[in-house]
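What follows is a single structure, written as structure tokens, with notes after it.
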Amino acid sequence: MVDVRTDLIQRLIRAGTGSDEEIAVLLDDVGLPRFVQALTEEIVFRCPEPANTMPIDVALEVTYGKESHTSVLRVAQGAAVTVVEEESATVWSKIGISAADLLRRLFGPADSRRTGDFHNSFVPAPEDRAQLQAMYFKLDTLMRAAAQATHTVMSGCSARCGELGNLSIRYGSDKWASFHWYTPHYERHFAPYRDRPVRVLEIGIGGYEDDLGGPSLKMWKRYFHRGLIFGLDLYDKSALNETRLTALTGDQGDPGALVAMAEEHGPFDIIIDDGSHMNDHVHTSFRALFPYVRTGGLYVVEDLQTAYFSDFGGSSGGVAEPHTSIGLLKALLDDVHFQEHATEDGAEPNLTQSTVTGLHVYHNIAFVEKGVNGEDTLPAWMHADAWEALGAK
Ligand SMILES: C[S@@+](CC[C@H](N)C(=O)[O-])C[C@H]1O[C@@H](n2cnc3c(N)ncnc32)[C@H](O)[C@@H]1O
């Protein structure tokens, strides 16, 4: 069964890089109000924390030919940005933009700076000016608050999201400045995927049993502005579900459940294992899910330190054994070089030998690249045995 919300958001994502004609086809099909409603939901999610202490209602007027549809967003420090009914709003700032330009701001490429595609006005109605004086507001205070609120909404109308470390702090993930310092590594390896309509799966949603969690899923949703984000956790966190974010329930130690989940929701461009960090779970999840990483994708394993923690099933000495997460990575390093192994003639490479094309290991985190591991350094007959048979030293 097609999930109507997911279907619409996927069409919007695709149209974000499409032509004017493709956007018009979509608009004619879904209608401007539904189009604006879906984009407004996305803007509300993307807005940074408001700076204005005085609450401000910002109107977003979206036009398509002669048609227009307005959403009003209430912006105030200390509260989430919300959509309010136009009739009950006091609008101090109005943003006007065409439907196509707004769509491209949200789902077009993040690296193209957008400016000059909207107009903005500070709009106190004459009776409001009188009201202003009566309430002893200073006009400059109000204008400053309106400017701050407009900035918040315009930041929400953007694919750009700032540095990943800031997003981690904003949403409360421990991927930066909380014992872990992972976000620069993520930025380095995830940058090529940012503008793509990726499917990302993270094992481990956070928050444990009683707390809903989900900080890193929100961080990925903001970072991958065209992405569909999936989380998998032992506990039911489906209350987190919203557009572009799906929380699934399952045990990463159960290969059958992982395969069933991946058959339904995969393949994925990126999988991140930030779950139990039990060494056997890391192996089980990798073996079950690596086949569901797309060619050209990445599999990330966090918190490799548990390879040395015996209570996580790790090695207790300084050398990580094969059953640990580090042991898995060491084996993959051999797999990357399978062409150089002196194997029996005709032996077929296994999945990791034929598809692991790169390994990047940093303190406590590793990125495994999937592709076609097909570079041939030497023909098989030039292996050591063959040279020996030819009498070479
Ligand atoms: C470290 S937290 C994840 C933090 C989150 N990824 C972040 O960066 O904010 C680990 C999560 O893994 C989940 N978890 C523990 N054991 C699991 C298992 N066997 N299968 C799936 N999830 C598990 C926990 O419930 C917890 O929510």
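Reckoned from all heavy atoms, side chains included, excluding hydrogens, waters and symmetry mates. If you're wondering where the values come from, they're calculated on a predicted model, not measured in any experiment.
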Item to check | CA sep, side-chain torsions, deciding dist, call: L329, V368, side chain to side chain contact (heavy atoms under 4.5 Å, CB included) | outcome: CA-CA 9 Å; L329 297 169; V368 182; 4.1 Å; yes
Next on the checklist: Between L240 and L245, does the side chain to side chain contact (heavy atoms under 4.5 Å, CB included) criterion hold? Intermediate values first, please.
Outcome noted: CA-CA 8 Å; L240 285 169; L245 193 162; 4.3 Å; yes
Checklist entry - Hey, mind stepping through Y308 and I326 against side chain to side chain contact (heavy atoms under 4.5 Å, CB included) and telling me if it holds? => result CA-CA 9 Å; Y308 307 97; I326 296 276; 3.8 Å; yes
Checklist entry - Please walk me through it: do E42 and I9 pass side chain to side chain contact (heavy atoms under 4.5 Å, CB included)? => result CA-CA 10 Å; E42 187 68 34; I9 201 74; 4.3 Å; yes
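Taking all atoms of both residues into account, the shortest heavy-atom contact from S325 to A307 is OG-CB, 3.5 Å. In terms of heavy atoms, A99 sits closest to V62 at CA-CG1, 3.5 Å. Scanning both residues, L232 and G250, for their nearest heavy atoms gives CD1-N, 3.7 Å. Considering all non-hydrogen atoms of both residues, I205 and G231 come closest at CD1-C, 3.6 Å. Nearest approach of T284 to L258, heavy atoms of both residues: O-CD1, 4.3 Å. Closest approach of I23 and A15 over heavy atoms only: CG1-O, 3.6 Å.
A salt bridge is defined here as a Lys NZ or Arg NE, NH1 or NH2 lying under 4.0 Å from an Asp or Glu carboxylate O, and D29 with R11 meets this definition.
The backbone N or O of E61 lies less than 3.5 Å from no partner atom in the side chain of H69, so there is not a single donor-acceptor pair. With hydrogens and angles disregarded, no donor-acceptor distance shorter than 3.5 Å links the side chain of Q353 to the backbone of V336. No side-chain donor-acceptor contact under 3.5 Å links K94 to the backbone of H119. Formation of a donor-acceptor pair under 3.5 Å by the S173 side chain with backbone atoms of I169 is not found in this model. A side-chain donor-acceptor contact under 3.5 Å links T355 to the backbone of L351. With N52 contributing its side chain and Q148 its backbone, the two residues share no donor-acceptor pair below 3.5 Å. Side-chain N or O atoms of E22 include one that pairs as donor or acceptor with a backbone N or O of S19 at under 3.5 Å. R199 places no side-chain N or O within donor-acceptor distance of the main-chain N or O of I270, the cut-off being under 3.5 Å. Remark: side-chain polar atoms of D251 are not paired, donor with acceptor, to backbone N or O of L234 under 3.5 angstrom. Here the side chain of R34 pairs no donor or acceptor atom with the backbone of L8 at under 3.5 angstrom.
For E187, the CD atom counts as densely surrounded, since its 6.0 Å shell holds more than 12 non-hydrogen atoms of other residues, nucleotides or ligands. Shown here is R170, whose CZ atom has more than 12 heavy atoms of other residues, nucleotides or ligands within 6.0 Å.
Every residue two or more places apart in sequence or in another chain was checked for a ring pair (Phe, Tyr, Trp, His ring centres under 6.0 Å) with H277, and none qualifies. Residues passing the ring pair (Phe, Tyr, Trp, His ring centres under 6.0 Å) test with F268 are F230, sequence neighbours excluded. Here R194 pairs with nothing under the salt bridge (charged side-chain N to carboxylate O under 4.0 Å, His left out) rule; sequence neighbours left out. Remark: S276 pairs with Q252, H281 by the side chain to side chain donor-acceptor pair (under 3.5 Å) rule, at least two apart or across chains. Applying the salt bridge (charged side-chain N to carboxylate O under 4.0 Å, His left out) test to E369 and every residue at least two apart in sequence or in another chain returns nothing. Looking at residues two or more places apart in sequence or on another chain, you find a ring pair (Phe, Tyr, Trp, His ring centres under 6.0 Å) between Y186 and F190, W220, F367.
No cation-pi contact links R160 to Y223, judged by a cut-off of 6.0 Å to the six-membered ring centre and 45° from its axis. For the pair K370 and Y299, the NZ or CZ position fails the cation-pi test of under 6.0 Å to the six-membered ring centre and within 45 degrees of the ring normal.
For the residue pair T150 / S93, a side-chain donor-acceptor distance below 3.5 Å is found, with atom types taken as modelled. No hydrogens or angles considered: a donor-acceptor pair under 3.5 Å links the side chains of T40 and S71. Using modelled atom types, one finds no donor on one side chain facing an acceptor on the other under 3.5 Å when comparing Y182 with H363. Side chain to side chain, T306 and D303 fail the donor-acceptor criterion of an N or O pair below 3.5 Å.
For residues 69-91, every residue pair satisfying the salt bridge (charged side-chain N to carboxylate O under 4.0 Å, His left out) rule, not counting sequence neighbours, is listed here: D57-R74. Within the structure, every pair that satisfies the side-chain hydrogen bond (donor to acceptor under 3.5 Å, both in side chains) test and touches residues 329-338, not counting sequence neighbours, is listed here: D335-T352. For residues 253-266, the side-chain hydrogen bond (donor to acceptor under 3.5 Å, both in side chains) pairs, not counting sequence neighbours, are E263-Y292. Applying the salt bridge (charged side-chain N to carboxylate O under 4.0 Å, His left out) definition to pairs two or more places apart or across chains, those involving residues 218-231 are K221-E242. Among pairs with a residue in residues 265-288, those fulfilling salt bridge (charged side-chain N to carboxylate O under 4.0 Å, His left out) read K175-D274, D269-R294, at least two apart in sequence or across chains.
Connection of F286 to V259 is not established within any shared hydrophobic cluster, with ILVMFWY side chains joined at heavy-atom distances below 4.5 Å, either directly or through further cluster members.
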Throw together a table of side-chain donor-acceptor distances under 3.5 angstrom for residues 310-320, partners on residues two or more places apart or in other chains.
residue	atom	partner	partner atom	Å
S315	OG	E321	N	2.8
S315	OG	E321	OE1	2.8

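Rounded to the nearest 0.5 angstrom, L248 CG and D236 CG are separated by 10.0 Å. Rounding to the nearest 0.5 Å places CG of N364 at 6.0 Å from CG of L304. Atoms NE2 and NE2, on H189 and H360 in that order, are 5.0 Å from each other to the nearest 0.5 Å.
With respect to M219, the side-chain contact (heavy atoms from CB on, under 4.5 Å) criterion is satisfied by exactly one of L167, I229, N166: L167.
Between H323 and H283, the distance from one ring center to the other does not fall under 6.0 angstrom.
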